[in-house]
Amino acid sequence: MVNVETQGLRKSFGDTEVLKGIDLRVPEGSFAVLVGPSGCGKSTLLRLLAGLEQATEGTILFGGEDVTAYAPKDRDVAMVFQSYALYPHMTVRDNLAFGLKLRKTAADIIDARVTEAAAVLGLEPLLERFPRALSGGQRQRVAMGRAIVRRSKLFLFDEPLSNLDPALRTQVRVDIRKQHDRLGATSIYVTHDQVEAMTLADLLFVLSEGEVQQVGSPLEVYEDPANRFVAGFVGSPAMNFIDGCRVSADGAAVLVAERRLPLPPSEGREPSKLAGREVCVGVRPHDMSIVEASAHAIPFTPSILETLGPEVHAHGTFGAHEGVVAVSADLPLARGVMVHVRPTRLYLFDQATGATLR
Amino acid sequence: MTARAIANNVLSHALLLVAVAFALYPVLWVVALAFSGDSVPTARAIPVPTAPTMDHLREVVSTTRPTPDGGTAWLFGRQLANSLLVSIATALVGVGVAIPVAYALARFEFVGKSGGMATLLATQMFPAVASAVPLFIMLEAMGLLNTRTGLILCYASTSVPFAIFQLRGAFETIPVDLEEAAMVDGASRFEAFVRVVLPVAKPAIAVTFLFAFMTAYNEFILAATLLSDESMFTLPVVLQRFIGEYDAQWEAFAAGALVVSVPVMALFYLLQKHMVAGLGAGGVKG
Ligand SMILES: Nc1ncnc2c1ncn2[C@@H]1O[C@H](COP(=O)(O)OP(=O)(O)OP(=O)(O)O)[C@@H](O)[C@H]1O
Ligand SMILES: [Mg+2]
């Protein structure tokens, strides 16, 4: 168990700067998730923490100790690779024991740890098999086991579920969280899947283009996104954005598709700062409901309906803007309907910078 | 099994038998010849020995030479030892030098990498014979003419580049993830190489070793050029002596050819379990 901190971490490959000054603070024993779109530098950041890549600039601290210059073997971290990276010439048992053997652990301790990990992960019947004779899910468990037996103070995961089918993914996700809670070690988990991120994390780091956009609990990030990128990335289906809306002169309402939507005074929102500005309005699909004509509703024309069982995602247009509304499956959707937006759930973003306006 | 499947099975086996017979026919002829008592081989459709005898075999293996102290020594034994020593040393040097070079080429970027590769490739484009004369002159200058060391040096100059190409390809197919996993698990780069990369590359290394061995073991032209003393000869040179220009001793040649193939077959047998294809499969994803 250890707290992890990075200060001004930068990484360039040749001329391309992949990480542009990352400051992480992961408290001891917490489950941190780094989430962001493909290519934003998540894996690179994780590899820097593991020591597989050298930082161009900045420091990495494990429990206050500067490990920036340490070789991977001296960092005492365990890592689960996206590809699992099982040693093909070793049995499952030897795969599990390899890290302990390298550290010259006594044979009886190795045995005990391997047996325990195998029991926890249901690997007992597979111990004498080679990786080539395992299914994808079994390989994933061996990769987990290899990390568990090490009793490292820090676990790193690089998209460990992306090679599993969706049903298995949910189950293994729960297993990973269980193991984390059982072992109490600090975990840092990388994914581009925001559902995985939301469900696993104590602490969410949203990354984009080599920068941390926001840090917080999953709910904080969902409820109070720092900018348009985070708002659009977190939550499924993604938030609707309606560009080019104008706030009324008194700052008490915003004009969306030629309708006035009231802006109730909320925490920290200053009407005077907003008055008369052009903004981008954000609404989550789940914060809208279908209504009879109403003064504070906006017209919506559905074009495609995705039925997911209890709910339907209606893709369509709000005036000139594309968007999605999530509605209950038993509501009839006529060709043109009115949708009501919960006034407290309106997000406003700066049209130029994308920063959330409060 | 359905009638159709049986028919298919029979047909494919018949085809295989024909192919095997086609490949083995010349070999059977050599075997028949080696054990035939007739002095002149006659053309027959079925290669079986006539007047079977072990004489040729005995004659080939029991050559002797006079020793300086006036006695005699077993010449064929020494020539066999020459061949094995030279071939094994060539393969060991080739694979031993190539492993670190190939690994560096497969994993690291460094100055001169592409130039070095091009040079290596260039050396592979010339047949060994082309360099026979310069090699002769260089060995003479070093006093290594007519020695096994000299021959090993010459053979290594082709076995090393060959092995580098083979092994570089093999190392490139091994996912970097495996080494990285080992390093996170507590291995140094070197330990990761020894305990993960080398074992995974074992089939490729075995095949490369075998090829380098066989190339050296079968080589004739350089050996005939660089060796002049009978006691230094390798087996291909010995064999060639049986079919002189005027009095080809075909039975002795055939018997010699059989004896010469035994070590190669033994080596194949020993290495085959290390050459199992697909040993590397299943480590990553799947
Ligand atoms: N060794 C390298 N040399 C050059 N560029 C690299 C190297 N490794 C990564 N990059 C670049 O750095 C950027 C970030 O890569 P990284 O693998 O960290 O992305 P990621 O966030 O993990 O994406 P994904 O979700 O697709 O795995 C990419 O644009 C990639 O092309
Ligand atoms: Mg990645």
Side-chain angles (χ1 to χ4, degrees), chain A residues 14 43 46-47 49-53 70-90 92 94-105 129-140 142-143 146-147 149-150 152 154-156 158-159 162-164, chain B residues 95 99 102-103 106-111 113-114 167 169-209 271-286:
Chain A
S43 296
L46 205 68
R47 292 167 57 79
L49 294 177
L52 295 170
E53 214 73 76
Y70 285 19
K73 71 184 174 76
D74 300 322
R75 296 194 183 197
D76 190 26
V77 302
M79 183 160 171
V80 178
F81 289 74
Q82 181 174 2
S83 68
Y84 311 146
L86 303 183
Y87 311 123
H89 58 299
M90 296 181 198
V92 169
D94 290 337
N95 262 280
L96 296 182
F98 186 68
L100 295 174
K101 281 185 189 159
L102 281 171
R103 283 162 210 272
K104 311 253 184 297
T105 314
R129 288 212 206 156
F130 284 93
R132 61 178 173 275
L134 300 178
S135 72
Q138 291 166 337
R139 284 176 199 177
Q140 206 283 336
V142 177
R146 199 166 61 180
V149 292
R150 291 264 315 281
S152 298
L154 174 62
F155 281 83
L156 304 174
D158 192 356
E159 310 212 17
S162 57
N163 289 316
L164 300 178
Chain B
V95 171
I99 283 176
Y103 182 73
R107 284 288 187 266
F108 305 116
E109 290 303 322
F110 48 87
V111 178
K113 177 170 166 175
S114 57
L167 295 178
F171 288 142
E172 272 172 354
T173 62
I174 299 177
V176 186
D177 276 7
L178 291 185
E179 282 154 76
E180 292 183 340
M183 289 196 278
V184 173
D185 258 353
S188 63
R189 173 129 222 161
F190 184 71
E191 278 173 311
F193 175 66
V194 172
R195 302 184 66 159
V196 175
V197 178
L198 280 187
V200 174
K202 205 165 70 174
I205 294 172
V207 170
T208 308
F209 183 90
L271 287 183
Q272 70 177 358
K273 73 168 188 292
H274 298 293
M275 298 192 286
V276 192
L279 186 72
V284 294
K285 279 193 237 177

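Remember, predicted model here, so these are calculated numbers, not experimental data.
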* **Which atoms of B:R195 approach chain A - backbone, side chain, both or neither, heavy atom under 4.5 Å** => both
* **Where B:A181 and A:R146 come nearest, the two heavy atoms and their spacing** => CB-NH2, 3.6 Å
* Picking from A:L156, A:V77, A:V80, what satisfies side-chain contact (heavy atoms from CB on, under 4.5 Å) with B:V184? -> A:V77
* Is B:F190 atom CZ crowded by more than 12 heavy atoms from other residues, nucleotides or ligands, each under 6.0 Å away? -> no
* Please name all residues satisfying side-chain hydrogen bond (donor to acceptor under 3.5 Å, both in side chains) with A:R103, sequence neighbours left out, ordered by chain then number. => none
* Asked: Do you know which two heavy atoms are closest between A:L102 and B:D185, and how far apart they sit?
  -> CD1-O, 3.9 Å
* Asked: Do B:L178 and A:S83 have side chains that get closer than 4.5 Å, going by heavy atoms?
  -> no
* **Side-chain donor/acceptor of A:Y87 to backbone N/O of B:V200, under 3.5 Å** => no
* B:G186, B:A192, B:A187, B:S188: which one forms the most heavy-atom pairs within less than 4.5 Å of chain A? -> B:G186
* Checking heavy atoms, do the side chain of B:E179, its backbone, both or neither come under 4.5 Å from chain A? -> neither
* Contacting moiety of A:A78, where chain B heavy atoms sit under 4.5 Å -> backbone
* Asked: Hey, is the main chain of B:V197 close enough, under 3.5 Å, to the side chain of A:H89 for a donor-acceptor pair?
  -> no
* Apply side-chain contact (heavy atoms from CB on, under 4.5 Å) to the pair B:V196 and A:F98, showing each step before the final yes or no. => CA-CA 10 Å; B:V196 175; A:F98 186 68; 4.0 Å; yes
* Structure fact -> Taken in chain and number order and not counting sequence neighbours, the residues that satisfy side-chain hydrogen bond (donor to acceptor under 3.5 Å, both in side chains) with A:E53 are A:R47
* Asked: Which bit of B:A182 comes within less than 4.5 Å of chain A, counting heavy atoms only: side chain, backbone, both or neither?
  -> both
